[in-house]
Amino acid sequence: MSEISLSFPDGSKRSFKKGLTGRELAASISKSLAKKAVALSLDGRLADLADPIEADASVRIITRTDPEALELIRHDCAHVMAEAVQGLWPGTQVTIGPVIENGFFYDFAKDEPFHPDDLARIEARMHEIIKRDAPFTKEVWSRDEAKSFFRKKGELFKVELVDAIPEGEDVKIYKQGEWLDLCRGPHMTSTGQIGRAFKLTRFAGSYWRGDAQGARLQRIYGTAWASEGELATYLKQIEEAEKRDHRKLGREMDLFHFQEEGPGVVFWHPKGWELFQSLINYMRRRQNAVGYREVNGPQMLDKSLWETSGHWEWFRENMFAAQSAGDEAEDKRVFAIKPMNCPGHVQIFKHGLRSYRELPYRIAEFGAVHRYEPSGALHGLMRVRGFTQDDAHVFCTEEQLADECFKMNDLILSIYHDFGFDQIVVKLSTRPDKRVGSDAAWDRAEETMSQVLNQIAERSGGKIKTGINPGEGAFYGPKFEYVLRDAIGRDWQCGTIQVDFNLPERFGAFYIDADGEKKTPVMIHRAIFGSMERFTGILLESTAGHLPLWLAPQQVMVCTIVSDADAYADSVLAVVHRAGLRATVDLRNEKINYKVREHSLAKVPVLLVVGKREADEGTVSVRRLGSQQQQVMPLAEAIAALAQEAEPPDLRRRRELAATAA
RNA sequence: GCUGCCGUAGCUCAGUGGUAGAGCACUCCCUUGGUAAGGGAGAGGUCCUGAGUUCAAUCCUCAGCGGCAGCACCA
């Protein structure tokens with residue numbers, strides 16, 4: 001008879017007999033706690049209340065309102081959903097049903113597809129099961145027992161799952177009333193603890209073990225919370241995120257459109273293109289300032305070039321090819337429309353003899369590339385088949401590599417900061433299974449990059465988080481991926497730095513070193529926005545269309561209240577234009593309410609409203625987007641303030657720097 | 001690409017086996033109105049495309065194209 005010592009959250013310690021269960025522990029503290037307890041935290045890991053505690057540990061009784069309980073609620077909810085589905089459609093096989101962010105899903109194998117109305121039926125059945133409040137009980141079975149049980153039931157996916165459980169781990173079965181499931185656990189004590197705050201949100205196809213060649217399954221997603229209030233808040237958030245959908249904003253702000261004849265390619269309207277160009281102009285200034293020179297490579301090139309680069313071999317299925325359309329054309333060659341800019345840039349580097357004195361050789365291109373993306377992947381501006389990369393390639397020596405990476409890193413972080421993105425994660429993606437080049441070259445590249453990665457984290461003083469994505473590198477080299485978090489907490493991978501020991505060699509690129517010998521340079525691929533289209537979409541969603549003044553395609557709208565002010569409005573517009581602001585005037589025969597509403601919906605950041613009074617006094621009434629108020633100011637004063645605000649951040653820094661130098 | 005859902009006016013969406021409707025937007029008229037929709041009239045559609053079933057298809061069936069959600073993919 002041995003004792004164990006358990007420490008509690010308040011720091012106290014008490015001895016108990018070994019093998020005491022969580023439930024007994026809770027009861028020993030207080031009756032009410034025993035009633036509220038749903039699980040036990042053992043050294044930070046969740047466990048069933050029925051589990052015996054076998055060793056010293058720090059313990060905490062988890063109640064339904066603890067944050068940890070949320071995971072249990074969701075997991076239990078997934079089980080209840082599985083029971084509901086099997087109850088409604090006997091013969092349906094259950095596979096896996098994990099907890100995910102905000103909820104859970106369960107994958108089913110069922111011949112007949114679910115119908116949208118089924119969600120409500122399943123939900124109703126789930127409420128019944130929860131109301132029944134059957135306890136969750138755990139049993140440990142032998143492998144053979146479990147396999148023959150599931151095989152007899154026709155649950156072949158479960159049989160496979162039993163086989164996948166590592167040796168030495170128990171095969172655990174959780175029962176809730178009559179229904180049971182193979183499960184790692186833990187669970188709460190009964191279905192009633194799930195509560196009512198859940199909702200099935202959607203269903204979708206999926207694959208067994210995520211393998212597109214494998215069996216097709218049907219997935220049902222749900223969300224679950226500790227209280228109905230939290231559920232309502234979550235559903236509200238989803239609604240808010242939908243309002244920010246860049247496809248919707250693009251329409252409302254008249255920025256771009258898509259149409260059937262061009263799946264995955266963008267029609268940019270005047271205002272959208274203005275925004276797009278503002279971004280390009282900004283990027284161009286930033287990179288020119290640190291030694292990049294802009295180039296432009298051809299839109300399509302003979303496929304042999306893509307064979308040399310390896311793209312034809314690895315990505316042929318995702319490339320567009322073009323040929324003369326004329327039957328009589330003498331040139332029958334197949335050209336590939338470029339999916340990347342690097343082979344073009346290597347040709348530019350290769351043209352003429354390069355000296356080591358020219359390195360690092362930095363060239364940049366706003367390169368329009370086309371990729372045949374799977375139709376199901378297309379999504380507004382976020383995933384398209386034709387897009388513009390803010391691409392650059394740096395040819396340098398191996399010794400210069402780390403320093404170039406740091407310079408790129410500084411540039412990237414500084415640029416993200418200008419857009420208000422300060423929560424950045426840098427991830428190192430290492431060699432994939434399918435790759436070119438020797439292991440020795442990959443070793444060197446990965447070694448250098450992991451050192452750089454550590455230093456990036458160090459230099460930022462812990463502000464920049466880092467991580468590793470094993471096996472996610474490009475086929476020609478490892479890469480850094482810059483993931484930024486937007487205003488509503490979503491993460492987007494934008495920038496990338498890729499170290500490449502392979503392409504220069506495949507293309508036979510070289511420079512003459514100080515010793516007069518030919519040497520192969522290292523190549524770094526980098527992008528900061530990544531895709532201009534996608535970054536535009538991210539900006540729109542992050543700002544909900546309320547772009548900062550320097551980026552807004554239409555910065556100012558001059559609105560008249562009465563037609564007597566038309567002439568004054570025109571003169572205001574002229575002054576606004578002279579200050580370099582993008583503006584138009586609205587002289588329409590409409591009430592001011594109407595104009596304010598319309599331009600607010602179109603997300604115009606500044607409305608300058610003028611009536612008789614303003615015309616007489618030489619003032620404007622300034623109304624900012626998102627504000628109910630307005631401010632009457634002398635025209636010159638208003639324009640000066642707006643012009644200053646509309647200055648791009650890099651130009652402002654440059655001006656301020658020049659002022660201090662002078 | 002896979003699974004499911006969807007495709008009707010510029011936008012958002014009703015609707016019917018007998019070739020169509022609303023609101024907003026658009027044009028014109030009245031209105032000169034002080035910060036998120038003033039009133040009236042008008043114009044606008046090959047109901048995604050093709051084939052089939054039917055006396056008759058926007059509607060039913062099949063195929064294609066496109067879109068949405070999720071999965072898979074993302075040099």
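Chain identifiers are assigned alphabetically (A, B, ...) following the order of the sequence lines, protein sequences preceding nucleic acid strands; residue numbering begins at 1 within each chain. Since the model is a prediction, treat every value here as computed from it, not as a measurement.
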Describe, in one word, how the ring planes of F256(A) and H246(A) are oriented to each other, choosing from parallel (under 30°), tilted (30 to 60°) and perpendicular (over 60°).
-> tilted

Taking only nitrogen or oxygen atoms into account, show me every contact under 3.5 Å that the protein makes with nucleotides 2-4 of chain B, one pair per line with its distance.
{"from": "C2(B)", "atom 1": "O4'", "to": "Y207(A)", "atom 2": "OH", "distance (Å)": "3.4"}
{"from": "C2(B)", "atom 1": "O2'", "to": "R216(A)", "atom 2": "NE", "distance (Å)": "3.3"}
{"from": "U3(B)", "atom 1": "O2", "to": "G205(A)", "atom 2": "N", "distance (Å)": "3.2"}

What pairs with H269(A) under ring-ring contact (aromatic ring centres under 6.0 Å, His included), at least two apart in sequence or on another chain?
-> H257(A)

Under 4.0 Å between a side-chain N or O of Y221(A) and OP1 or OP2 of C71(B)?
-> yes

State which residues pass side-chain hydrogen bond (donor to acceptor under 3.5 Å, both in side chains) with E505(A); sequence neighbours excluded, sorted by chain then number.
-> none

Can you name the side-chain hydrogen bond (donor to acceptor under 3.5 Å, both in side chains) partners of D439(A), sequence neighbours left out?
-> R435(A)

So which protein N/O to nucleotides 23-26 of chain B N/O distances come out below 3.5 Å?
{"from": "A25(B)", "atom 1": "OP1", "to": "Y594(A)", "atom 2": "OH", "distance (Å)": "2.8"}

Classify the nucleic acid contact of Q631(A) as base, sugar-phosphate or nothing, counting any heavy atom under 4.0 Å across all strands shown.
-> nothing

F395(A) meets the ring-ring contact (aromatic ring centres under 6.0 Å, His included) criterion, sequence neighbours left out, with F349(A)

Please tabulate, one pair per line, all N/O donor-acceptor pairs under 3.5 Å involving side-chain atoms of residues 563-571 of chain A, not counting sequence neighbours.
{"from": "Y568(A)", "atom 1": "OH", "to": "T619(A)", "atom 2": "N", "distance (Å)": "3.1"}
{"from": "Y568(A)", "atom 1": "OH", "to": "T619(A)", "atom 2": "O", "distance (Å)": "2.7"}
{"from": "S571(A)", "atom 1": "OG", "to": "Y568(A)", "atom 2": "O", "distance (Å)": "2.6"}

With rounding to whole Å, what would you report as the distance between U46(B) and C59(B) at their C1' atoms?
-> 16 Å

Give the stems involving RNA chain B, where a stem is 3 or more consecutive Watson-Crick or G-U wobble pairs (i with j, i+1 with j-1, and so on) under 3.5 Å.
-> B:1-7 with B:65-71, B:10-13 with B:21-24, B:26-30 with B:38-42, B:48-52 with B:60-64

Test Q554(A) against T584(A) for side chain to side chain donor-acceptor pair (under 3.5 Å), laying out the working first.
-> CA-CA 8 Å; Q554(A) 163 133 29; T584(A) 47; 2.5 Å; yes

Which part of the nucleic acid does T560(A) contact within heavy-atom distance under 4.0 Å: base, sugar-phosphate only, or nothing?
-> nothing

K479(A) near the nucleic acid: base, sugar-phosphate alone, or nothing, with a heavy-atom cut-off under 4.0 Å?
-> sugar-phosphate

Separation of I96(A) atom CD1 from C71(B) atom C1', in whole Å?
-> 12 Å

Does the A36(B) base have a donor-acceptor partner in the side chain of R623(A) within less than 3.5 Å?
-> yes

Sequence-distant partners of W314(A), ring-ring contact (aromatic ring centres under 6.0 Å, His included), two or more places apart | F475(A)

Those residues at least two apart in sequence (or on a different chain) that pass ring-ring contact (aromatic ring centres under 6.0 Å, His included) with H345(A) are H393(A)

Partners of Y106(A) by side-chain hydrogen bond (donor to acceptor under 3.5 Å, both in side chains), sequence neighbours excluded?
-> K158(A), D181(A)

Just call it for P374(A): base, sugar-phosphate, or nothing, with non-hydrogen atoms closer than 4.0 Å on any strand.
-> base

Under 3.5 Å, which N/O atoms of the protein pair with N/O atoms of nucleotides 43-50 of chain B?
none

Return yes if the base of C73(B) and the side-chain atoms of R383(A) contain a donor-acceptor N/O pair under 3.5 Å, otherwise no.
-> yes

